[in-house]
Amino acid sequence: MNLPEHGSEDVSSILAVEIEHEPVKTIKGIHQVEPDSNIYWLIDVEFSGFTLSDEDILQLLKGYIVYGHVHDLQIWTSVGRRPAGECHFDKICICMDIFDNVEMQVRLDEAKVADFMNTLPARFQKKGTVHVLPLEDAAHARAKGEKLKAFTDQEGEREHAVLLRLVADQGQSYRGADIWDVMLSLGMEWGDMDIFHAHHHGPGGYDELFSVHTGTEPGFFWLSTLAEDRFADLIFSMDGVRTVQPQTVFEAMWKSAEYARARLGGTLVNEQGLPAVPEDYLRQIQEMEDRLSDFGFKAGEDVVAFLF
């Protein structure tokens with residue numbers, strides 16, 4: 001049985017959430033992007049009377065994350081990480097790690113960084129004279145690393161996944177063909193990891209809102225056999241800390257699960273198998289947002305995505 005390309009109805013408005021992003025400023029096709037001082041020790045290198053291209057800087061500083069100040073536009077952007085277009089920079093900012101997001105430990109070898117800064121001018125001697133200007137001292141950089149360590153110590157043992165399960169009635173199961181129709185009607189897409197994803201495309205960029213998998217082995221949906229397969233449940237899930245405006249996204253996920261329940265039947269339950277109550281989820285998400293706020297962070301921002 002071939003699967004249709006479109007759902008039997010269009011209820012994609014359920015996923016039409018408003019996600020607020022900082023506007024992306026673009027000048028002459030160049031995105032204005034500044035380095036994140038939350039997760040890096042930033043070192044400015046000013047060029048005396050000369051400019052360098054992306055390729056020049058990538059050769060001189062291979063392996064480092066570098067941002068550049070575009071000479072003719074007077075904006076910062078990433079060096080060598082743009083889709084197209086070469087820039088010429090009159091100064092750069094080198095990002096030195098202060099935290100290891102794999103081992104979850106402060107990663108700051110102050111002596112090594114000091115030696116790196118002392119030897120930087122020699123790297124540029126064939127190009128011209130440079131001035132190395134660390135934007136903060138080692139004590140401030142270490143304090144930032146310790147803050148990230150305290151934050152991950154607090155949040156590392158917590159469960160940030162928000163799960164909502166639609167369970168078929170006793171003795172019943174869901175036809176794969178019906179699931180496919182429900183997902184397409186919602187405007188969801190089958191793809192990565194062989195599961196369904198809800199996306200948001202807006203002026204601020206691209207966001208994945210939530211996903212749908214199943215507890216029925218193997219836990220995902222084989223496209224080649226989906227039409228004939230049957231499933232005991234559907235699991236709607238989102239990552240609370242990595243999601244921008246998680247309460248708004250949860251409300252869209254809840255409405256999507258309710259739509260699936262109305263179409264397929266069954267019961268919505270929480271991780272404990274008890275009847276799901278949206279207010280309970282929203283309270284838990286608010287508690288998580290409050291904990292992040294105590295450290296000066298917000299769900300979905302770069303520093304949180306870096307850590308989790």
Side-chain angles (χ1 to χ4, degrees), residues 1-17 158-200 207-240 242-243 245-288:
M1 177 180 174
N2 293 324
L3 294 167
E5 294 183 8
H6 305 285
S8 59
E9 58 182 340
D10 182 1
V11 294
S12 58
S13 58
I14 291 174
L15 302 180
V17 298
R158 295 182 182 271
E159 179 56 64
H160 298 126
V162 180
L163 302 177
L164 179 60
R165 187 169 170 235
L166 177 62
V167 183
D169 293 330
Q170 188 172 4
Q172 303 295 315
S173 60
Y174 300 130
R175 295 175 60 243
D178 294 334
I179 292 172
W180 177 263
D181 183 58
V182 166
M183 295 296 110
L184 264 60
S185 294
L186 282 165
M188 298 189 67
E189 301 172 5
W190 177 90
D192 188 35
M193 298 183 293
D194 296 324
I195 63 177
F196 295 96
H197 303 275
H199 297 128
H200 172 266
D207 295 278
E208 179 170 307
L209 303 178
F210 60 88
S211 300
V212 178
H213 62 284
T214 179
T216 299
E217 290 293 336
F220 47 83
F221 307 97
W222 286 116
L223 204 59
S224 58
T225 63
L226 178 58
E228 294 80 28
D229 290 340
R230 303 191 75 94
F231 302 87
D233 64 5
L234 294 175
I235 302 173
F236 294 72
S237 67
M238 55 178 278
D239 188 324
R242 295 176 64 89
T243 301
Q245 296 171 224
Q247 295 196 45
T248 298
V249 172
F250 171 76
E251 289 171 351
M253 188 172 85
W254 176 269
K255 291 176 182 177
S256 299
E258 280 280 21
Y259 171 76
R261 184 193 61 78
R263 287 279 310 275
L264 301 172
T267 305
L268 289 172
V269 299
N270 60 24
E271 289 185 79
Q272 290 73 44
L274 301 173
V277 179
E279 291 77 14
D280 291 344
Y281 285 91
L282 291 170
R283 184 181 66 257
Q284 293 167 12
I285 292 171
Q286 183 62 62
E287 290 171 354
M288 177 205 70

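Phe210 approaches Ser256 most closely through the heavy-atom pair CZ-OG, 3.5 Å. The two atoms that bring Ala168 and Ser173 nearest to each other are CB-CA, 3.9 Å, heavy atoms only. Heavy-atom minimum distance, Gly219 versus Ile195: O-CG2, 4.3 Å. Nearest approach of Ala232 to Thr216, heavy atoms of both residues: N-OG1, 2.8 Å. Closest approach of Ala198 and Leu15 over heavy atoms only: CB-CD1, 3.9 Å. Considering all non-hydrogen atoms of both residues, Leu166 and Gly266 come closest at CD1-C, 4.1 Å.
You'll find the side chain of Ser8 reaches within 4.5 Å of the side chain of Arg263, heavy atoms only. Contact check for Val17 versus Gln245: no side-chain heavy atoms found under the 4.5 Å cut-off. The closest side-chain heavy-atom distance from Phe231 to Asp178 is not below 4.5 Å. The shortest side-chain heavy-atom distance between Val212 and Ile179 does not fall under the 4.5 Å cut-off.
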Could you walk me through whether Leu264 and Leu234 pass the side chain to side chain contact (heavy atoms under 4.5 Å, CB included) check?
-> CA-CA 10 Å; Leu264 301 172; Leu234 294 175; 3.8 Å; yes

Please test Glu208 against Asp192 for side chain to side chain contact (heavy atoms under 4.5 Å, CB included), starting from the C-alpha separation and ending with a verdict.
-> CA-CA 11 Å; Glu208 179 170 307; Asp192 188 35; 5.9 Å; no

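Sorted by first and then second residue, the pairs that involve residues 255-286 and meet ring-ring contact (aromatic ring centres under 6.0 Å, His included), not counting sequence neighbours, are Phe250-Tyr281.
Judged purely by atom type and a 3.5 angstrom limit, Ser185 has no side-chain atom pairing as donor or acceptor with the backbone of Val11.
A distance of 8.5 Å separates CE in Met188 from CG in Leu209, rounded to the nearest 0.5 Å. We find the NE2-OG distance between His199 and Ser211 to be 7.0 Å, quoted to the nearest 0.5 Å. Taking OG1 from Thr214 and CD1 from Ile235, the interatomic distance works out to 6.0 Å, rounded to the nearest 0.5 Å. Considering CE of Met288 and CD of Glu159, their distance stands at 12.0 Å, rounded to 0.5 Å. The distance from the CG atom of Leu3 to the CG atom of Leu184 is 8.5 Å, given to the nearest 0.5 Å. Note that CD of Gln170 and OG1 of Thr267 are 11.0 Å apart. Values are rounded to the nearest 0.5 Å.
A salt bridge between Arg158 and Glu287 is absent, with no side-chain N of the basic residue lying under 4.0 Å from a carboxylate O of the acidic one. Comment: Glu258 engages Arg261 in a salt bridge, judged by a side-chain N to carboxylate O separation of less than 4.0 angstrom.
Annotation: salt bridge (charged side-chain N to carboxylate O under 4.0 Å, His left out) contacts of Glu271 (sequence neighbours excluded): none. Shown here are the ring-ring contact (aromatic ring centres under 6.0 Å, His included) partners of His213, two or more places apart in sequence or in another chain: there are none. Not counting sequence neighbours, the partners of Asp280 by the salt bridge (charged side-chain N to carboxylate O under 4.0 Å, His left out) test are Arg283. Applying the salt bridge (charged side-chain N to carboxylate O under 4.0 Å, His left out) test to Arg165 and every residue at least two apart in sequence or in another chain returns Asp233. For Asp239, the salt bridge (charged side-chain N to carboxylate O under 4.0 Å, His left out) criterion is met by no residue, not counting sequence neighbours.
Under the ring pair (Phe, Tyr, Trp, His ring centres under 6.0 Å) test applied with Phe196, the options Phe236, Phe220, Phe221 reduce to a single match, Phe221.
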